[in-house]
Amino acid sequence: MSLKKLSLLLSGASMSVFLAATPSLAGEVTLTSPNSDTSLRGELVGVEDDKYVIETSIGTMRVAMDMVTCNGDACPVIEVNNEITLVGSPTLTDRLMPALLAGYSLAIGGSADMTEGDAEKRVYELNSESIGEGALTLTSSGATSAFEALVKREVGLALTTRPASEAEANAAKASGIPALRSVAHEHVIGYDGLLLVTNNANGMRAISEAAAAQIFSGKIKNWSELGGEDAPINVYVREEGSGARSLFDEMLMRSNRERVSPDANQLLTDADVAAAVAKDPNGFGFTSMVYASDTVKPLAIEGVCGLRTPATSFTIKTGEYPLTRPLYLYSASGTTNGHTEEFVNYVTSEEGQKMVAAAGFVGQTISSEALNAQGTRVASTLLLHKEANGDIGSIRNMLSMLMASDRLSTTVRFTQGNSRLDASAQADVERLGEMLSTAEYADKEFYFMGFSDSVGRADLNQLLALQRAELVRKALLEKHPELATRIKARSVGFGEISPLGCNETRAGRSINRRVEVWMQDIASKKS
């Protein structure tokens with residue numbers, strides 16, 4: 001995948017525009033939106049306050065420069081300032097960014113050398129014959145501070161382990177960033193798993209969500225209460241305000257109606273938590289998967305319905321591991337230039353995603369698993385669905401389709417009651433389309449399988465699941481119409497019959513509202 005072909009629009013680079021707002025410089029131009037679905041043609045008569053002033057058939061219009069691409073001989077000359085400013089969470093700046101910068105150096109045929117730095121701030125000198133010289137200033141900070149700096153335009157890029165909150169998106173809108181959660185400003189660049197970990201000497205292998213929440217809240221204080229030795233449980237957590245802590249509180253604590261005890265040991269980084277648990281035979285905490293190596297023991301998470309889910313690359317890619325966290329890159333501007341454009345394009349490219357995985361995180365490259373590698377898939381379908389006996393025909397139909405198929409890691413999820421593809425889902429569909437356009441996937445058959453939670457009537461859930469599956473299939477073919485003659489694609493809806501999360505919890509229901517993609521060889525062709 002060429003870096004130049006990617007159209008992701010993120011920026012930390014500033015621009016200087018040379019175009020006098022005079023009729024003598026007027027000329028026909030076309031202004032195109034980031035996703036290329038909207039364009040505006042007319043006479044460009046000037047630039048005022050970072051807006052194109054364009055005469056159209058319906059009158060004079062002013063369009064923000066950072067929201068469109070200008071095409072035409074009359075477009076202004078933009079001088080690129082190659083200084084990139086980025087703020088990110090400590091886990092990402094310490095573990096992910098060095099790997100990405102090393103890969104970026106190779107991609108641009110140049111170098112990215114650190115000229116100064118400490119634990120909080122690092123400066124890299126960027127050199128490339130094709131792009132020119134530049135600099136990247138990298139600052140470590142919690143997610144809340146990162147979004148504040150982005151909104152104030154103190155930085156161009158924010159790298160976080162949680163999405164922007166509604167309040168942060170509203171603050172961004174007030175500062176001139178109209179849609180922070182849109183595809184122009186928000187991009188998922190990989191995944192991490194928040195793992196529940198114990199000391200290696202601990203004999204536990206799995207823990208329920210409810211029990212873990214009660215440990216962190218201080219209600220369970222001794223390992224003997226969980227069948228272990230008579231010893232106190234020493235709890236280690238991230239500090240309040242960090243992206244990891246905010247996400248952990250949302251996904252585990254609040255869903256179990258608990259709050260982290262003020263007596264818990266609060267530490268500054270995920271690495272600190274892992275190190276503390278590794279030294280403490282009675283320790284228990286949560287940390288990033290990149291720090292849960294041989295030094296600590298990750299526990300599988302058992303839902304209230306008895307379903308156990310380990311943290312694997314596949315369960316994290318599909319979002320089935322309950323404490324999966326996407327890694328986000330946000331930008332203050334919808335326009336890119338120079339090193340900023342090329343760096344963001346690299347991070348989201350196939351080469352960049354390999355470096356995300358090399359750094360210990362989970363990249364977005366699509367992988368596959370056969371049904372027999374899906375662990376408890378069949379058991380959960382038969383045992384956890386509340387009306388399995390009444391739906392045995394649907395279950396048999398689903399399993400017969402899956403027997404000779406491989407599941408792709410591409411999994412699209414939906415909020416309750418809606419059938420809309422968010423920014424992350426749109427990117428997933430585009431990535432799937434690019435992969436299926438290669439020769440390896442010609443003459444394959446694909447099932448887009450829709451599933452739902454168990455809220456509401458089963459027949460309506462089945463219909464909603466089918467509608468979502470068809471939405472994803474159509475989105476794929478609209479983006480890549482050439483696939484219509486190269487592959488077979490079918491949408492099916494199975495509703496609530498195959499839960500992968502516990503419907504008794506909000507997090508479990510969210511896991512179950514999904515569209516999966518399964519692939520198999522075409523057994524025969526009609527002449």
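Index from 1, following the sequence.
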Is there a donor-acceptor pair under 3.5 Å between the side chain of [X] and the backbone N or O of [Y]?
X	Y	value
Thr324	Tyr321	yes
Thr30	Arg41	no
Arg513	Phe414	yes
Ser105	Gly110	no
Thr438	Glu434	no
Ser409	Ser367	yes
Asn512	Phe451	no
Glu168	Ser165	yes
Asp406	Leu371	no
His339	Ser128	no

| message | Working note: Glu430 + His480, criterion side chain to side chain contact (heavy atoms under 4.5 Å, CB included); need CA distance, chi angles, decisive distance, verdict. | response | CA-CA 8 Å; Glu430 175 60 24; His480 295 271; 3.5 Å; yes
Gap separating the [atom1] atom of [X] from the [atom2] atom of [Y], nearest 0.5 angstrom:
X	Y	atom1	atom2	result
Leu92	Thr161	CG	OG1	6.0 Å
Glu125	Leu136	CD	CG	12.0 Å
Leu471	Gln467	CG	CD	9.5 Å
Arg238	Thr269	CZ	OG1	6.0 Å
Leu138	Lys121	CG	NZ	10.5 Å
Leu247	Leu323	CG	CG	8.0 Å

If we only count heavy atoms from C-beta on, is the [X] to [Y] side-chain gap below 4.5 Å?
X	Y	result
Val515	Thr411	no
Val472	Leu421	yes
Phe147	Thr160	yes
Leu327	Leu96	yes
Gln520	Trp518	no
Tyr52	Met61	no
Tyr447	Met519	no
Tyr328	Ile189	no

Between the side chains of [Y] and [X], is the shortest nitrogen-to-carboxylate-oxygen separation below 4.0 Å, so that they form an ion pair?
X	Y	result
Arg407	Glu516	yes
Arg486	Asp443	no
Asp270	Arg245	no

Could you verify whether a donor N or O on one side chain and an acceptor N or O on the other, from [X] and [Y], lie under 3.5 Å apart?
X	Y	answer
Ser510	Arg514	no
Glu482	Ser437	yes
Glu55	Thr60	yes
Ser140	Thr93	yes
Thr410	Asp428	no

[X] to [Y] - nearest heavy-atom pair and separation:
X	Y	answer
Ala164	Arg181	O-NH1, 3.3 Å
Ala469	Ser491	O-OG, 3.6 Å
Val29	Ile54	CG2-CD1, 4.0 Å
Ser175	Val151	OG-O, 3.2 Å
Phe361	Ser288	CE2-OG, 4.1 Å
Arg473	Ala489	CD-O, 3.6 Å

| field | Given Leu150, Thr139, Leu157, Val155, the one that forms side-chain contact (heavy atoms from CB on, under 4.5 Å) with Leu86 | value |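 Of all the options given, the one that passes is Leu157.
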What do you reckon, is [atom1] of [X] surrounded by more than 12 foreign heavy atoms closer than 6.0 Å?
X	atom1	answer
Glu120	CD	no
Asp118	CG	yes
Arg254	CZ	yes
Glu133	CD	no

| request: Before giving the answer on side chain to side chain contact (heavy atoms under 4.5 Å, CB included), spell out for Val356 and Leu100 the whole-Å C-alpha distance, their side-chain angles and the decisive distance to 0.1 Å. | output: CA-CA 7 Å; Val356 171; Leu100 290 178; 4.1 Å; yes
| task | Just do the side chain to side chain contact (heavy atoms under 4.5 Å, CB included) check on Leu432 and Val429 with the steps written out, would you? | result | CA-CA 5 Å; Leu432 177 64; Val429 170; 5.6 Å; no
| query | Is the NZ or CZ atom of Arg325 both under 6.0 Å from the centre of the six-membered ring of Phe248 and within 45° of that ring's axis? | reply | no
| said: Once you measure the plane-to-plane angle for Tyr441 and Phe446, does it fall in the parallel (<30°), tilted (30-60°) or perpendicular (>60°) bin? | reply: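 Correct class here is tilted.
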| said: I'd like to know whether Phe494 forms a side chain to side chain contact (heavy atoms under 4.5 Å, CB included) with Met401, so could you lay out the CA-CA distance, the side-chain angles of the two residues, the decisive distance to 0.1 Å, and finally the verdict. | reply: CA-CA 12 Å; Phe494 288 110; Met401 296 172 70; 3.7 Å; yes
| said: Evaluate Arg506 against Glu250 for salt bridge (Lys or Arg N to Asp or Glu O under 4.0 Å), listing each step before the verdict. | reply: CA-CA 10 Å; Arg506 181 173 60 179; Glu250 174 67 25; 2.8 Å; yes
